[in-house]
**Q** 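Can you keep this structure in mind? I'll have questions shortly.
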Amino acid sequence: MGYNFYAFMDRMKYIKRWQLMRSVREENIMEHSQQVAMFAHALAVINNKVFGGSADAAKAVLYAVYHECSEVMTGDLPTPIKYFNNSIHGAYKELEDRACDKLLNTLPDELKGEFALSVKPDTHSLEYKIMKAADRLAAYVKCLEELRCGNAEFAKAKKSIEEDLRSRNMPEVEYFFKNFIDGFSLTLDELEGI
């Protein structure tokens with residue numbers, strides 16, 4: 001008997017993000033998750049090395065890798081709908097939880113427990129908080145990319161995402177903004193200093 005967990009994970013490349021908005025470049029949840037993983041790693045390292053924190057960088061990265069995995073079964077519900085009211089948000093969270101359980105059941109029994117730690121993370125942990133900030137940073141970078149291409153559709157999203165990020169009062173996020181965000185608005189020649 002075969003197991004389908006990784007076949008499901010491979011389908012992340014078919015789930016599009018930003019469905020309600022016109023995008024210059026489409027983005028899928030697989031590439032988004034990879035970017036969130038990089039940003040989660042950066043934020044965890046900044047937390048530890050710059051601010052003397054104790055974040056488990058590997059755990060934050062694993063949370064990021066799997067943070068959208070339920071969407072291979074649910075699809076990507078657009079944020080305005082997902083957060084329209086508490087009832088809808090609660091029902092969607094329950095649906096995501098059931099999808100995660102269903103995914104975990106596509107693994108051999110001896111692996112389920114280990115994978116459950118990442119597929120259904122501890123939402124009260126520092127690493128989860130870091131991953132959620134990284135998720136928002138990835139959305140912010142997407143807005144910058146779209147705006148750089150002349151797509152004003154993302155102007156309001158950029159503003160609200162930046163406000164959300166700043167309201168988190170996370171020094172590692174502020175450090176990332178100060179040291180890395182400007183580069184996302186540069187051309188390749190500008191990045192290379194040409």
Side-chain angles (χ1 to χ4, degrees), residues 9-69 71 75-80 82-83 118 126-194:
M9 293 301 96
D10 189 58
R11 298 187 67 78
M12 291 173 73
K13 64 189 172 201
Y14 301 126
I15 310 298
K16 302 294 182 212
R17 291 177 44 82
W18 304 96
Q19 296 175 45
L20 296 180
M21 298 172 75
R22 180 185 64 80
S23 296
V24 172
R25 188 185 68 78
E26 286 189 346
E27 179 182 47
N28 64 58
I29 65 171
M30 184 178 273
E31 66 184 299
H32 166 71
S33 295
Q34 194 264 347
Q35 185 176 47
V36 174
M38 284 193 309
F39 290 170
H41 182 253
L43 294 178
V45 170
I46 293 165
N47 173 277
N48 294 339
K49 298 297 183 183
V50 178
F51 298 105
S54 59
D56 182 334
K59 186 184 287 187
V61 168
L62 283 173
Y63 285 178
V65 167
Y66 292 105
H67 85 284
E68 302 280 28
C69 69
E71 293 184 4
D76 181 31
L77 189 65
T79 298
K82 192 184 304 184
Y83 296 100
S118 299
L126 171 61
E127 293 77 15
Y128 185 80
K129 180 180 174 183
I130 285 172
M131 182 277 294
K132 291 302 283 183
D135 188 30
R136 297 301 279 162
L137 271 174
Y140 185 79
V141 167
K142 170 64 174 169
C143 292
L144 294 177
E145 175 187 17
E146 292 289 330
L147 289 167
R148 190 177 67 245
C149 293
N151 185 2
E153 181 113 359
F154 281 77
K156 186 175 178 185
K158 175 190 174 280
K159 183 178 186 296
S160 68
I161 292 166
E162 183 171 357
E163 288 170 358
D164 173 58
L165 281 164
R166 302 283 187 176
S167 74
R168 292 171 188 256
N169 297 315
M170 295 176 68
E172 51 273 83
V173 170
E174 294 303 322
Y175 183 97
F176 193 94
F177 261 91
K178 180 181 176 187
N179 290 284
F180 299 107
I181 285 294
D182 288 348
F184 290 96
S185 296
L186 300 176
T187 66
L188 178 59
D189 287 343
E190 291 168 334
L191 285 170
E192 292 178 343
I194 296 173

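When reading the values below, keep in mind they use all heavy atoms of this one structure, side chains included, and skip hydrogens, waters and symmetry mates.
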**Q** Can you run down the side chain to side chain donor-acceptor pair (under 3.5 Å) pairs that involve residues 34-44, sequence neighbours left out, and say none if there aren't any?
**A**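 For residues 34-44, and leaving out neighbouring residues, there are no side chain to side chain donor-acceptor pair (under 3.5 Å) pairs at all.
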**Q** Please report the closest heavy-atom contact between Leu147 and Ala152, naming both atoms and the distance.
**A** CD2-CA, 4.0 Å
**Q** Using a strict threshold of under 4.0 Å (side-chain N to carboxylate O), is an ion pair present between Arg166 and Glu174?
**A** yes
**Q** Looking at side-chain heavy atoms only, is the closest gap between Asn179 and Ile46 below 4.5 Å?
**A** no
**Q** Inspect the surroundings of OH in Tyr14 and state if more than 12 heavy atoms from other residues, nucleotides or ligands are less than 6.0 Å away.
**A**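 Atom OH in Tyr14 is not packed in, count stays at 12 or less.
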**Q** For residues Lys158 and Leu144, determine if any side-chain heavy atom of one lies less than 4.5 Å from a side-chain heavy atom of the other.
**A** yes
**Q** Counting distance only, does the side-chain N/O of Arg148 pair as donor-acceptor with the main-chain N or O of Phe184 below 3.5 Å?
**A**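 Indeed, once roles are kept as given, a pair shorter than 3.5 Å links the two residues.
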**Q** Indicate yes or no: does Glu27 engage Lys142 in a salt bridge with an N to O separation below 4.0 Å.
**A**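 Salt bridge: no.
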**Q** Enumerate the residue pairs fulfilling side chain to side chain donor-acceptor pair (under 3.5 Å) with a member in residues 48-57, sequence neighbours excluded, ordered by first and then second residue.
**A**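 Counting only pairs at least two positions apart or across chains, no side chain to side chain donor-acceptor pair (under 3.5 Å) contact touches residues 48-57.
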**Q** Kindly state each residue pair satisfying ring-ring contact (aromatic ring centres under 6.0 Å, His included) with at least one member in residues 135-173, sequence neighbours excluded.
**A** Trp18-Phe154, Tyr140-Phe177
**Q** If every non-hydrogen atom of Glu31 is compared with every non-hydrogen atom of Glu26, which pair is closest and at what distance?
**A**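 Closest approach of Glu31 to Glu26: OE2-O, 3.9 Å.
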**Q** Is Lys156 atom NZ crowded by more than 12 heavy atoms from other residues, nucleotides or ligands, each under 6.0 Å away?
**A**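 Not more than 12 within 6.0 Å, no.
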**Q** Can you name the one residue among Glu145, Glu146, Arg25 that meets side chain to side chain donor-acceptor pair (under 3.5 Å) with Asn151?
**A**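 Among Glu145, Glu146, Arg25, the one that satisfies the side chain to side chain donor-acceptor pair (under 3.5 Å) with Asn151 is Glu146.
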